[in-house]
Asks: 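Got a structure for you, written out below as structure tokens; questions coming shortly.
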Amino acid sequence: MAAPEFAVPELKEFRAIPALQPGVMAHSKPNVANEKINEAIGFPGELVENWQEKAIDKMGDLLSKYRSLKVYLDSCVHCGACTDKCHYFLGTGDPKNMPVARQDLLRNVYRRYFTPAGKLFPKLVGATDLTREVLDDWYKYFYQCSECRRCSVFCPYGIDTAEITMAGRAIMDSVGLGQKYANEILGKVIRIGNNLGLPGPALEDTLQGLEEDVKEETGLDVRFPVDVKGAEVLLITPSADFFAEPHIDSLIGYAKVFHAAGISWTLSSKASEAGNFGLFNGSYEMMRKVALRIREAALELGSKRIVVGECGHAWRVAYSYWNTLTGVGAGGDDPFARQLQSQLDLRYKQPMHICEFTWDLIQRDALKFDKDANDHRIVTFHDSCNVARASRMGDTPGGQFEIPRNIIRAVANKYFEMPHGSTHEQTFCCGGGGGVLTDELTEIRVKGALPRMDALNHVVQANGVNFMATICAICKAQFTKVLPYYKFNRGMVGGVHQLVSTAIRLGDK
Amino acid sequence: MTAATIFFAALFYAATVILVVGLAYKIVDYARTPAPLKIPTTPAPTTGGGVALRMLREVALFESLFKSNLWIWVFAILFHGALLLVLMRHLRYFTEPVWFWVGWVQPFGLYAGFAMVVGLLGLWGRRFVVERIRYISTPSDHLMLALLAGIGLSGLGMRFLLHTDIVAVKAFFLGLMRFDIQPLPSHPGLYIHLTLVALLMIVFPMSKLLHAPGVFFSPTRNQVDNPRQKRHLAPWAAELDTRN
């Protein structure tokens, strides 16, 4: 389907905060999930008749379950600190893409139905009834948020718009107004085991093909095992790694690392997906359901270690939530958690990021590299939002920034940082995270990528950068799509383990 | 006993009850609402001590705001710091004998009165001058600033223009605290000042002023970054584990 016509912003070295253009993105909304898609994952098929009442009930339910929501809806003072921090605002100028204004879409309804001031003096505090117009605004603007948490870094109270967006989406799902893209994928992962809906035999075929490709390239039998019982490591990676470019090159990189280190590993056909879209629409139960497949696979295969491939939101869920949701982790003192944790080798971090895994091997001198092999690449690194602001690697805060960079420096000679303010915890989202990576949202995705494209352009102009490494399947897919809009080569984006794959020496150490 | 004395005595009893009960209700409510998932904004401290330090920097230095916007930070620090000094200075109306350190604060508290108003006017000015902040401002945002500025200006007015009998004011408040109502001096500036203060106390627990207790309960700021080491489980979520 053809994307709507829109003007792609021009890249600039110094960009002023845009002037407000109310309503300029009011036409942007994702396709609505049909009855079949919604009902498959337990949501009402279409907008229910008494949706107002149901929505308010759901809001009350969420308020009683999530301290974050309650505190964040109360605490905002409208100071304005966040107003120039969102990439979607910077790229569009639509005031409802300012984090505070996005929150206010929900907050104004909260005030009306749950606070004395909003019940008595709605106009005074900006409280609004939940009308069809408000619901439409929710549907538009909660899907112009990638839940990247950049605003939460800058808020004096740590208000995280992602929490508000998730609540908004959860409420809409509960009344039958679901997003086609995310809900369809949730149906697939719950039914089949991955977001692509790729069944076990197809996965095996693909991996066999990869073994042949790598044999051709290296002359070595680098294996891509599936469902091997007793393998030391269970690798959980985004399913895009099996098919999409450039993702697949990182998968080859992981396999080479396992091969070189001589550590037995396996994929699982049951849990062939690291991604967990339950995060995006704020459903704890859904997120848990998706993650439980990984617990089950680990128990069935008897895995000692669980390692996670390059995927941003998946690493957030794995690092921050798996222990809570599934017991993948340590320190559980209940039967549910102990069942798995007694099997896992707790001398290692559980779960472990593939970058932690590789960096650990590099530090122990277990891997050898031919750095010159990457000399055709001048590399920069894009911090993915969920890795940067919602997780960690290694033993110290900020390890999520250092470890991927350390790996890059260990495997490539030419590396440059993008400008301060666009990296580390202040990184800009790729523009496609949080469940907006769908074609009908192309315009907001392209415009939302603007701050990152400005930063990339800086190192392209100054340092001749021609490769932007990242560790997120969504970032890779998003950049592959939007880079050409900004006249960059789509092949500029790739994985950190793609660089590893190029430089690693196999069989001759 | 004048009608005004009785009115203000009743007003301050009511305002105090609303402030204390309202705030206690909100704080207990925040504390009892579970935070089912680990969501600290990272990089985050990996120990409880680290979290305490992060929170201290946040509430004492407005660390995140400093990173975010220097102008808002300047006016906010000016206002909040000055307000703290002013409040400490006012403790002399509620203590007998006056605590020694409250005595030391007196001269600073006086200048702080001006700083507070300057900070408020700066914050208020942004609501008119900066288009983005104008867009998000509600009538209550303006009224809140008007209320605080009114308190500051009426206080400064009594100090520098139309003096009131502060010894009697002190007797009135000490009396309130001992349930022994003393006459309040008849003074328009004082009436305005006290009315606005009581209003502030009343709206505190039902307005955005809840940011004061709220920040301490903000999971992105008060959680320890240790999800791999320790299983974090809310009671309603733990129930799900038993249903498998």
Asks: Select one option (side chain, backbone, both, neither) describing which atoms of P36(B) are under 4.5 Å from chain A's heavy atoms.
Replies: both
Asks: Who among G398(A), G332(A), A117(A), C155(A) has the most heavy-atom pairs with chain B under 4.5 Å?
Replies: C155(A)
Asks: Examine whether an atom of K85(A) lies under 4.5 Å from a heavy atom of chain B, and if so say whether it belongs to the side chain, the backbone or both; otherwise answer neither.
Replies: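 Side chain of K85(A) only, per the 4.5 Å heavy-atom cut-off to chain B.
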Asks: Where on D141(B) is there a heavy atom nearer than 4.5 Å to chain A: the side chain, the backbone, both, or neither?
Replies: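 Contact with chain A involves the side chain of D141(B) alone.
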Asks: Does any backbone or side-chain atom of T324(A) lie under 4.5 Å from a heavy atom of chain B? Answer side chain, backbone, both or neither.
Replies: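 Answer is both: backbone and side chain atoms of T324(A) are under 4.5 Å from chain B.
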Asks: State, without any angle test, whether T83(A) and R132(B) hold a side-chain donor-acceptor pair at a distance under 3.5 Å.
Replies: yes
Asks: Is D160(A) salt-bridged to R221(B), going by a charged N under 4.0 Å from an acidic O?
Replies: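 Between R221(B) and D160(A) there is no salt bridge, as every charged N stays at least 4.0 Å from the carboxylate O atoms.
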Asks: Which distance, rounded to the nearest 0.5 Å, do you find between the CG of L240(B) and the CG of L325(A)?
Replies: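 L240(B) CG to L325(A) CG: 9.5 Å, rounded to 0.5 Å.
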Asks: By a 4.5 Å heavy-atom criterion (distance strictly below it), what part of A19(A) contacts chain B: side chain, backbone, both, or neither?
Replies: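 Answer is both: backbone and side chain atoms of A19(A) are under 4.5 Å from chain B.
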Asks: Please look at P335(A) and chain B and tell me whether the side chain, the backbone, both or neither of the residue comes under 4.5 angstrom of a heavy atom of that chain.
Replies: neither
Asks: Please look at I39(B) and chain A and tell me whether the side chain, the backbone, both or neither of the residue comes under 4.5 angstrom of a heavy atom of that chain.
Replies: both
Asks: Considering only heavy atoms and a distance below 4.5 Å, find which of G329(A), G126(A), P351(A), P116(A) pairs most often with chain B.
Replies: P351(A)
Asks: Contact part of E58(B) toward chain A, heavy-atom cut-off under 4.5 Å: side chain, backbone, both or neither?
Replies: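 Just the side chain, heavy atoms under 4.5 Å.
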Asks: Against chain A, label A31(B) side chain, backbone, both or neither, depending on which of its atoms sit under 4.5 Å from a heavy atom there.
Replies: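 Just its backbone gets close to chain A.
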Asks: Considering only NZ, NE, NH1 and NH2 on the basic side and carboxylate oxygens on the acidic side, decide whether K208(B) and D74(A) come within less than 4.0 Å.
Replies: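 Looking at D74(A) together with K208(B), the answer is no, because their closest N to O distance does not fall below 4.0 Å.
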Asks: I'd like to verify something: which residue of E163(A), Q426(A), K123(A), H424(A) has the highest number of heavy-atom pairs under 4.5 Å with chain B?
Replies: E163(A)
Asks: Side chain, backbone, both or neither: which part of F62(B) has a heavy atom under 4.5 Å from chain A?
Replies: neither
Asks: Mind ranking V100(A), D334(A), L20(A) by heavy-atom pairs under 4.5 Å with chain B and telling me who comes out on top?
Replies: L20(A)
Asks: Kindly indicate, with the supporting measurements, whether the criterion side-chain hydrogen bond (donor to acceptor under 3.5 Å, both in side chains) is fulfilled by S218(B) and Y72(A).
Replies: CA-CA 8 Å; S218(B) 174; Y72(A) 295 158; 3.0 Å; yes
Asks: Can you say whether L123(B) sits under 4.5 Å from chain A via the side chain, the backbone, both, or neither, judging by heavy atoms?
Replies: neither
Asks: Where on Y66(A) is there a heavy atom nearer than 4.5 Å to chain B: the side chain, the backbone, both, or neither?
Replies: both
Asks: Taking side chain as everything from C-beta outward and backbone as N, CA, C, O, which of these in C76(A) sits under 4.5 Å from a heavy atom of chain B? Side chain, backbone, both or neither.
Replies: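 Backbone only.
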Asks: Below 4.5 Å, heavy-atom pairs only: which of I159(A), I17(A), D104(A), T115(A) has the largest tally toward chain B?
Replies: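 Maximum pair count with chain B is reached by I17(A).
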Asks: Does any heavy atom of chain A fall under 4.5 Å from the side chain of I72(B), the backbone, both, or neither of them?
Replies: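 Interface part for I72(B): side chain.
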Asks: Side-chain contact, heavy-atom cut-off 4.5 Å: E131(B) with P95(A)?
Replies: no
Asks: Using 4.0 Å as the upper bound for N to carboxylate O, is an ion pair formed by K70(A) and D29(B)?
Replies: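 The answer is yes: the pair qualifies as a salt bridge.
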Asks: Under a 4.5 Å heavy-atom cut-off, does chain A meet the side chain of A44(B), its backbone, both or neither?
Replies: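 Contact with chain A: backbone only.
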Asks: Could you tell me if the side chain of R149(A) sits less than 4.5 Å from the side chain of T41(B), heavy atoms only?
Replies: yes
Asks: Does a side-chain N-to-carboxylate-O contact under 4.0 Å join R288(A) and E239(B)?
Replies: no
Asks: Counting only non-hydrogen atoms closer than 4.5 Å, does T396(A) touch chain B with its backbone (N, CA, C, O), its side chain (CB onward), both, or neither?
Replies: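 No part of T396(A) comes within 4.5 Å of chain B.
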